[in-house]
Colleague: 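The structure's right below; bear with me while I get my questions together.
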Amino acid sequence: MPLDVLESLRTAIGDAAEQAAGARPTVILTAPAQPEHGDLATPVAMGLAKQAKKPPREIAETIAQSLAADANVGGQLRDVEVAGPGFINLRLAPEWFAAAVRRIIGADLEFGSGGAEPPERILMEYVSANPTGPLHVGHARHAAYADSLARVLVFNGHQVDREYYINDHGRQMEMLGISIASAYGAPFGVEVPVPEDGYRGDYIKVVAELLRSEIGDRYVHDLEPLTEEALGFFSGRGGELTIKAIREELISVGVEFDAFFSEASLHWDGRVADAVAALEERGDAYEAEGALWFKSSKYGDEKDRVLRRADGDLTYLASDVAYHLDKADRGHDRLIDVLGADHHGYIARLKAILESGGKSGEMLEVSLIQLVSLLEKGEAKKMSKRAGTLVTMGDLVADIGVDATRFFLVQRSHETPLELDLDLAREQSQENPVYYVQYAHTRAVGILRQLESEPPSGAPAPAELDAAERALLLNLSRWPDAVSEAGQKRGPHRVAAYLIDLAGDFHAFYHRCHVSDEPEDVQSFRVNLTRATARTIRAGLGLLGVSAPERM
RNA sequence: GCGCCCGUAGCUCAGUUGGACAGAGCAGGGGACUUCUAAUCCUCAGGCCGCAGGUUCGAAUCCUGCCGGGCGCGCCA
C-alpha cells in the first residue's frame with residue numbers, strides 16, 4: 001500500500017461518485033492552473049455524465065454535497081464548489097496540510113515508494129556494448145536511462161535484476177584481436193596489417209601496452225603470420241580488459257550490474273547449437289539457399305531470419321535465441337531490453353524467439369533509446385568514429401561531471417532524440433537545472449542545520465497558510481503519483497521534470513516564508529515542510545544517480 | 001515502396017489511458033541581496049501544439065489523409 005496523502009480524498013470522492021452516478025470512476029486529481037479553481041480539482045463528474053445519463057453539473061453537485069458532509073474528509077476541506085462544465089474544485093483546510101506534512105515526514109525516505117501494482121520480478125538488460133572499445137555518449141544515455149529506470153522500479157516495489165550481455169563472440173572479436181596484435185607488435189618492429197574494418201583508436205594502444213607488460217615478448221614470433229593461439233590470446237584477453245574498463249567506467253557513474261553474461265559462453269557449452277537444434281525439431285527452422293532460417297514470420301515477424309549463414313557461421317540471432325530463452329527461464333515476470341532506436345526491427349524477432357520457445361512474447365518489453373548528439377556554441381558537434389572524433393562517456397564525464405551527465409541524459413524522454421547542450425551542462429552556476437535542484441536541497445538542509453532544536457512534530461497547523469506553502473505541499477503530495485508513473489511508463493525523465501518543478505516551488509517558498517524566528521505553529525509547520533522537501537529531493541536525485549549535496 | 005519513432009515559444013524540451021485560458025528551462029526586457037547561501041526570487045514579452053479533415057459536451061492528446069525529419073527493411077553485430 002503506497003503512502004499517499006491524497007488517498008483518503010480519492011476514496012471519498014470515489015464513494016461519493018459511486019453513490020451519485022452508480023459507477024466507480026478512477027479519481028483523477030489535478031492541480032488547477034488558476035488559484036481561483038482551488039487547491040485540487042477533479043473532472044470525475046464529466047466522465048460519468050454519459051453513462052449516468054445526467055448532466056455533469058448535477059452529478060458534480062451531488063458529489064460535492066456528500067463530500068462536505070463526509071465525516072472522514074469534511075474536516076479537511078475548507079470549501080467544495082462546482083465550476084465550469086462540471087469540475088469539482090476543492091480547497092483544503094489547514095488541518096489537511098498539517099496532517100499531510102506529518103505523514104510525509106513519518107514515511108521518511110519511503111515516501112512515495114511502493115506504487116507497483118502488482119509488484120513484478122523484472123530482468124533488465126542494457127548497455128551491452130561490444131567489448132571492442134570505450135563507451136560513447138550513446139551508451140551513456142542507455143546507461144543513465146536504464147539505471148534510473150531500474151532504481152525507479154525498485155522504489156516502486158518491483159524486484160529488478162540488471163544484466164549486461166557481452167557480445168564477445170564473432171568477427172568483431174577477431175578484428176579486436178588483430179588490431180591489438182598489430183599495436184602489440186609495433187614497438188618490436190613487427191608489422192601486422194590491420195584490415196579495413198579493424199579498430200584503430202587510442203585505447204587499442206593502451207590495451208596493447210597493458211598486454212606487453214603482462215606477457216612481455218611472448219607472442220612476438222607468433223605475429224607474422226598471426227597464429228591462431230596468438231589471435232585467441234589477443235582477442236580473448238583484450239576483450240576481458242575492455243570489459244573490465246567498461247565496467248569500471250560504469251561504476252564511476254553509479255551504474256552497476258548484477259551480472260555480466262557472456263555470449264561466448266553460450267557457444268562454449270553448446271547452448272547455441274542446442275537452441276538451434278531445438279528450433280529445427282519444433283519445425284521453426286528450415287534450410288533454404290544454403291542457409292538455415294528461423295521461421296519468425298510464423299510468430300508475427302514480417303519475414304524469416306537467418307540463423308546460420310551459407311558459410312556455416314551462426315549469426316548473432318542464433319545466440320539471441322539461446323540467450324533470450326535462458327533469460328525467460330529464470331523466473332521473471334517481465335524482461336526489459338533497452339536497445340538503440342535503430343534496433344526497432346528486432347523487437348518482432350525477439351518476441352518470436354520467446355513464442356517459439358513456448359513463452360509469451362508479451363513478457364518482453366523493449367525500450368528504444370533515441371540518438372544523442374552534442375551541442376556546443378549553438379552548433380552540433382561533429383562525431384565520427386572514422387575520424388576519431390567520437391565523444392566517449394569518459395570525455396563527457398570529465399567535461400561536465402557525473403551529476404550533470406546523469407541528469408542531462410535522463411532529463412528528456414528516451415523516445416526523443418536528445419541534443420545535449422555542453423555549454424549549459426558545463427555551467428557551474430545559474431542556468432544549469434542540475435544545480436537548480438541540488439541548490440534547493442542545499443538550502444533546505446541549510447535551514448534545518450541552523451535550527452536550535454527540533455520542533456514538536458504534533459504542533460497544530462497555522463490558521464492561515466501562504467500560497468507558497470500550499471503550492472509546495474501540494475506538489476510534494478504529488479510525488480507518489482509522479483514516481484509511480486515514471487515506472488509504469490518507463491520514463492525516468494518524469495522524475496527529473498518533477499524535481500525541477502518541486503525545486504522551483506521550494507525556492508519560491510524560501511523567498512516568501514521565513515522559517516526561523518516565527519511563531520511556534522508557523523515555524524513548526526515550515527520546518528516540517530522543509531524537511532519533507534529535502535527528503536523528497538534527496539530520494540528523487542538518488543533515483544537518477546545524482547548526488548544531493550549538503551553544501552554547495 | 002513498406003514499417004517504427006518524431007514534429008509544441010527564437011533554442012532545448014515537458015505535457016499525449018481527452019478536461020478549465022498550452023507549461024518549464026535557456027536566450028531577450030524590467031525589478032529584488034543590512035535576509036535561514038542571489039547557484040535564488042518576482043515580473044514582462046514570446047506559441048496556426050506541422051497541415052487538413054473526422055469523433056466528442058470538450059482534442060496538443062483519439063481516428064484518417066497529407067507535408068517535413070530520423071531510423072530500419074533475409075545470410076553485419
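Worth knowing before you read on, the calculation uses all heavy atoms, side chains too, and leaves out hydrogens, waters and symmetry mates.
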Colleague: Examine the base of B/G72 for any acceptor or donor lying under 3.5 Å from a partner atom in the side chain of A/His343, and report the outcome as yes or no.
Modeller: no
Colleague: Between A/Arg10 and A/Val27 (side chain of the first, backbone of the second, donor and acceptor by atom type, cut-off under 3.5 Å), is there such a pair?
Modeller: yes
Colleague: Between the protein and nucleotides 29-32 of chain B, list the N/O to N/O atom pairs that are separated by less than 3.5 angstrom.
Modeller:
none

Colleague: For the pair A/Arg57 (side chain) and A/Pro85 (backbone), establish whether a donor and an acceptor sit closer than 3.5 Å, ignoring hydrogens and angles.
Modeller: no
Colleague: Under 4.0 Å between a side-chain N/O of A/Tyr435 and OP1 or OP2 of B/U40, yes or no?
Modeller: no
Colleague: For the rings on A/Tyr164 and A/Phe261, is their centre-to-centre separation under 6.0 Å?
Modeller: no
Colleague: Could you tell me how far B/G68 sits from B/C49 if I compare only their C1' atoms? Round to whole Å.
Modeller: 16 Å
Colleague: With C1' as the reference atom in both, quote the distance from B/G74 to B/G18 in angstrom, rounded to an integer.
Modeller: 42 Å
Colleague: Give me syn or anti for B/G68, where syn covers glycosidic angles within 90 degrees of 0.
Modeller: anti
Colleague: Taking the same atom, C1', in B/C2 and in B/A9, what whole-Å distance lies between them?
Modeller: 36 Å
Colleague: Using the side chain to side chain contact (heavy atoms under 4.5 Å, CB included) criterion, which residues pair with A/Pro417? Sequence neighbours excluded.
Modeller: A/Gln370
Colleague: List the residues meeting side-chain hydrogen bond (donor to acceptor under 3.5 Å, both in side chains) with A/His507, not counting sequence neighbours, and say none if there are none.
Modeller: A/Arg443
Colleague: When the C1' atoms of B/G15 and B/A22 are considered, how many whole Å apart are they?
Modeller: 9 Å
Colleague: Look at A/Asp197 together with A/Arg171 and state whether they make a salt bridge at an N to O cut-off of under 4.0 Å.
Modeller: yes
Colleague: Any Lys/Arg nitrogen of A/Lys298 or A/Glu355 sitting under 4.0 Å from an Asp/Glu carboxylate oxygen of the other?
Modeller: no
Colleague: Just how far, in rounded Å, is C1' of B/A38 from OH of A/Tyr510?
Modeller: 9 Å
Colleague: Tell me whether A/Glu81 contacts the main-chain N or O of A/Ile88 through its side chain, where contact means a donor paired with an acceptor under 3.5 Å.
Modeller: no
Colleague: Could you check A/Asp342 against A/Arg309 and say which one's nearest nucleotide on RNA chain B is further toward the 5' end?
Modeller: A/Asp342
Colleague: How long is the line joining CD of A/Gln172 and P of B/C76, in whole Å?
Modeller: 13 Å
Colleague: I'd like to check the side-chain hydrogen bond (donor to acceptor under 3.5 Å, both in side chains) partners of A/Glu174; sequence neighbours left out, ordered by chain and number.
Modeller: none
Colleague: Provide, to the nearest angstrom, the distance between the CD atom belonging to A/Gln370 and the P atom belonging to B/G69.
Modeller: 17 Å
Colleague: Output all residues satisfying side-chain hydrogen bond (donor to acceptor under 3.5 Å, both in side chains) with A/Ser356, sequence neighbours left out; order by chain, then residue number.
Modeller: A/Arg282, A/Asp284
Colleague: Mind listing the residues from residues 284-293 of chain A sitting with a heavy atom below 4.0 Å of RNA chain B? Number order is fine.
Modeller: A/Glu289, A/Ala291, A/Trp293
Colleague: Where are the stems of RNA chain B, defined as at least 3 consecutive Watson-Crick or wobble G-U pairs with both distances under 3.5 Å?
Modeller: B:1-7 with B:67-73, B:10-13 with B:23-26, B:28-32 with B:40-44, B:50-54 with B:62-66
Colleague: Over how many whole Å does the gap from A/Tyr439 atom OH to B/U37 atom P extend?
Modeller: 8 Å
Colleague: May I ask you to verify if any side-chain N or O of A/Arg57 is less than 4.0 angstrom from the OP1 or OP2 atom of B/C57?
Modeller: no
Colleague: Would you mind telling me which residue lines up with the more 5' stretch of RNA chain B, A/Val306 or A/Glu263, judged by nearest nucleotide?
Modeller: A/Val306
Colleague: Nearest-Å distance, CG (A/Leu502) to C1' (B/U40)?
Modeller: 15 Å
Colleague: Can you check the A/Asp505 CG to B/U40 C1' distance for me, whole Å?
Modeller: 14 Å
Colleague: Name the pairs: protein N/O against N/O of nucleotides 13-20 of chain B, kept only if under 3.5 Å.
Modeller:
{"from": "B/C13", "atom 1": "OP1", "to": "A/Pro417", "atom 2": "O", "distance (Å)": "3.1"}
{"from": "B/C13", "atom 1": "OP1", "to": "A/Glu419", "atom 2": "N", "distance (Å)": "3.0"}
{"from": "B/C13", "atom 1": "O2'", "to": "A/Arg412", "atom 2": "NE", "distance (Å)": "2.9"}
{"from": "B/C13", "atom 1": "O2'", "to": "A/Arg412", "atom 2": "NH1", "distance (Å)": "2.2"}
{"from": "B/A14", "atom 1": "OP1", "to": "A/Ser413", "atom 2": "N", "distance (Å)": "2.8"}
{"from": "B/A14", "atom 1": "OP1", "to": "A/Thr416", "atom 2": "OG1", "distance (Å)": "3.0"}
{"from": "B/G15", "atom 1": "OP1", "to": "A/His493", "atom 2": "NE2", "distance (Å)": "3.0"}
{"from": "B/G15", "atom 1": "OP1", "to": "A/Arg494", "atom 2": "NH2", "distance (Å)": "3.4"}
{"from": "B/U16", "atom 1": "OP2", "to": "A/Arg494", "atom 2": "NH2", "distance (Å)": "3.1"}
{"from": "B/G19", "atom 1": "O6", "to": "A/Met46", "atom 2": "O", "distance (Å)": "3.4"}
{"from": "B/A20", "atom 1": "N6", "to": "A/Asn89", "atom 2": "OD1", "distance (Å)": "2.3"}
{"from": "B/A20", "atom 1": "N1", "to": "A/Asn89", "atom 2": "OD1", "distance (Å)": "3.3"}
{"from": "B/A20", "atom 1": "N1", "to": "A/Asn89", "atom 2": "ND2", "distance (Å)": "3.1"}

Colleague: For the P atoms, the ones on B/C5 and on B/C63, what distance do you get once it is rounded to whole angstrom?
Modeller: 11 Å
Colleague: When rounded to the nearest Å, what value does the distance between C1' atoms of B/G7 and B/U12 take?
Modeller: 14 Å
Colleague: Do NZ/NE/NH1/NH2 and the carboxylate oxygens of A/Arg512 and A/Asp466 come within less than 4.0 Å?
Modeller: yes
Colleague: Go through the structure and list residues passing side chain to side chain contact (heavy atoms under 4.5 Å, CB included) with A/His142, not counting sequence neighbours.
Modeller: A/Val338, A/Ile369
Colleague: Rounded to the nearest angstrom, tell me the gap between atom CG in A/Asp304 and atom C1' in B/C73.
Modeller: 14 Å
Colleague: Of all residues at least two apart in sequence or in a different chain, which pass the side-chain hydrogen bond (donor to acceptor under 3.5 Å, both in side chains) check with A/Arg305?
Modeller: A/Asp301
Colleague: Can you pull out every salt bridge (charged side-chain N to carboxylate O under 4.0 Å, His left out) where at least one residue sits in residues 339-350 of chain A? Sequence neighbours excluded, please.
Modeller: none
Colleague: Return the set of residues passing salt bridge (Lys or Arg N to Asp or Glu O under 4.0 Å) with A/Glu289 (not counting sequence neighbours), or none when no residue passes.
Modeller: none
Colleague: Between B/A59 and B/C51, how far is it from one C1' atom to the other, in whole Å?
Modeller: 16 Å
Colleague: How long is the line joining CG of A/Asn475 and P of B/A24, in whole Å?
Modeller: 13 Å
Colleague: Expressed as a whole number of Å, how far does the C1' atom of B/G10 sit from that of B/G47?
Modeller: 11 Å
Colleague: Does A/Lys351 pair with A/Asp337 as a salt bridge, N-O distance under 4.0 Å?
Modeller: no
